[in-house]
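Accompanying notes for the structure given below.
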Amino acid sequence: QVQLVESGGGSVQSGGSLRLSCTASGYSLSNNYIAWFHQAPGKEREGVAAMYTLSRGTFYADSVKDRFTISRDGARNTVYLQMNNLKPEDTGMYFCAASEGSQVARRLGERDYTYWGQGTQVTVSS
């Protein structure tokens with residue numbers, strides 16, 4: 001059974017940093033895509049960062065480029081999202097997701113990901 005468990009959310013002031021973790025069980029993060037999605041209150045979920053785990057190639061939404069970094073620890077089967085210079089608009093739930101296979105049509109597309117974590121809340125105050 002595949003499980004993705006996120007942690008690391010919390011409350012910070014604008015300009016602060018948080019690091020989210022996503023640990024996978026029953027699933028090897030070795031040749032697939034894994035991504036982080038953000039759902040702001042009252043809005044649809046949108047992809048913010050993705051990684052192709054075989055090459056460690058990374059992809060970011062324009063809204064988080066140069067502020068967020070996705071990385072992977074193969075030994076821990078864990079993916080991280082380092083979030084710096086946080087803004088109030090970054091507030092919301094953050095979900096990690098993993099693809100079924102090694103190819104996706106849209107790296108930040110919600111429909112391309114099969115496995116999802118339960119999410120972790122991030123609140124950024126101004």
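Everything quoted here is computed from the prediction, not taken from an experiment.
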>> Show me the pairs that pass disulfide (SG to SG under 2.5 Å) and involve residues 18-59, at least two apart or across chains.
In response: Cys22-Cys96
>> Minimum heavy-atom separation for Val2 and Gly26, please, with both atom names.
In response: CG2-O, 3.4 Å
> Of the non-hydrogen atoms in Arg56 and Arg72, which two are nearest, and what is the gap between them?
Replying inline: NH1-O, 3.1 Å
>> Nearest 0.5 angstrom please: Arg67 CZ to Asn84 CG, how far?
In response: 9.0 Å
> Heavy-atom count around Arg76 CZ within 6.0 Å, excluding the residue itself: above 12?
Replying inline: no
>> Has His38 got a side-chain atom pairing as donor or acceptor with Val48's backbone, closer than 3.5 angstrom?
In response: no
>> Connecting only ILVMFWY residues whose side-chain heavy atoms lie within less than 4.5 Å of each other, what is the rest of Leu54's hydrophobic cluster?
In response: Tyr33, Phe37, Tyr52, Phe59, Met93, Phe95, Val104, Tyr113, Trp116
> Can you tell me how far the OH atom of Tyr60 sits from the OG1 atom of Thr69, to the nearest 0.5 Å?
Replying inline: 4.5 Å
> For Gly9, does its backbone N or O pair with a side-chain atom of Thr120 as donor and acceptor, under 3.5 Å?
Replying inline: yes
> Does the side chain of Thr91 come within less than 4.5 Å of Gln121's, by heavy atoms?
Replying inline: yes
> Atom OG1 of Thr114 and atom CD of Glu100: how far apart are they, to the nearest 0.5 Å?
Replying inline: 5.0 Å
>> Working to the nearest 0.5 angstrom, can you tell me the gap between Phe68 CZ and Leu18 CG?
In response: 9.0 Å
> Counting N and O atoms only, with roles assigned by atom type, does the side chain of Asn32 sit under 3.5 Å from a partner on the main chain of Ser28, one being a donor and the other an acceptor?
Replying inline: yes
>> Do Val12 and Met83 have side chains that approach each other closer than 4.5 Å (heavy atoms only, starting at C-beta)?
In response: no
>> Give me the atom names and distance for the closest heavy-atom approach of Ser126 to Ser14.
In response: CA-CB, 4.1 Å
> Hey, mind stepping through Gln82 and Ser17 against side-chain contact (heavy atoms from CB on, under 4.5 Å) and telling me if it holds?
Replying inline: CA-CA 7 Å; Gln82 177 67 43; Ser17 298; 4.0 Å; yes
> To the nearest 0.5 Å, what is the distance between CG (Leu4) and CG (Leu29)?
Replying inline: 7.5 Å
>> If you compare all heavy atoms of Pro41 against all heavy atoms of Gly92, which two are closest, and at what distance to 0.1 Å?
In response: CD-CA, 4.3 Å
> Is there a salt bridge (charged side-chain N to carboxylate O under 4.0 Å, His left out) between Arg107 and Asp112 once you walk through the steps?
Replying inline: CA-CA 7 Å; Arg107 299 179 186 103; Asp112 287 283; over 6 Å; no
> Taking atom CD1 of Ile70 and atom CD1 of Ile34, what is their separation to the nearest 0.5 Å?
Replying inline: 7.0 Å
>> With a 3.5 Å distance limit and no angle check, can you tell me whether Gln13 reaches the backbone of Ser125 through a side-chain donor-acceptor pair?
In response: no
>> Suppose we screen for side-chain hydrogen bond (donor to acceptor under 3.5 Å, both in side chains). Which residues come up paired with Asn77, at least two apart in sequence or across chains?
In response: none
>> Which residues pass the ring pair (Phe, Tyr, Trp, His ring centres under 6.0 Å) test with Tyr27, not counting sequence neighbours?
In response: Tyr115
>> Which residues pass the side chain to side chain contact (heavy atoms under 4.5 Å, CB included) test with Gln3, not counting sequence neighbours?
In response: Ser25
> Ser21: what forms a side chain to side chain contact (heavy atoms under 4.5 Å, CB included) with it, not counting sequence neighbours?
Replying inline: Ser7, Thr78, Tyr80
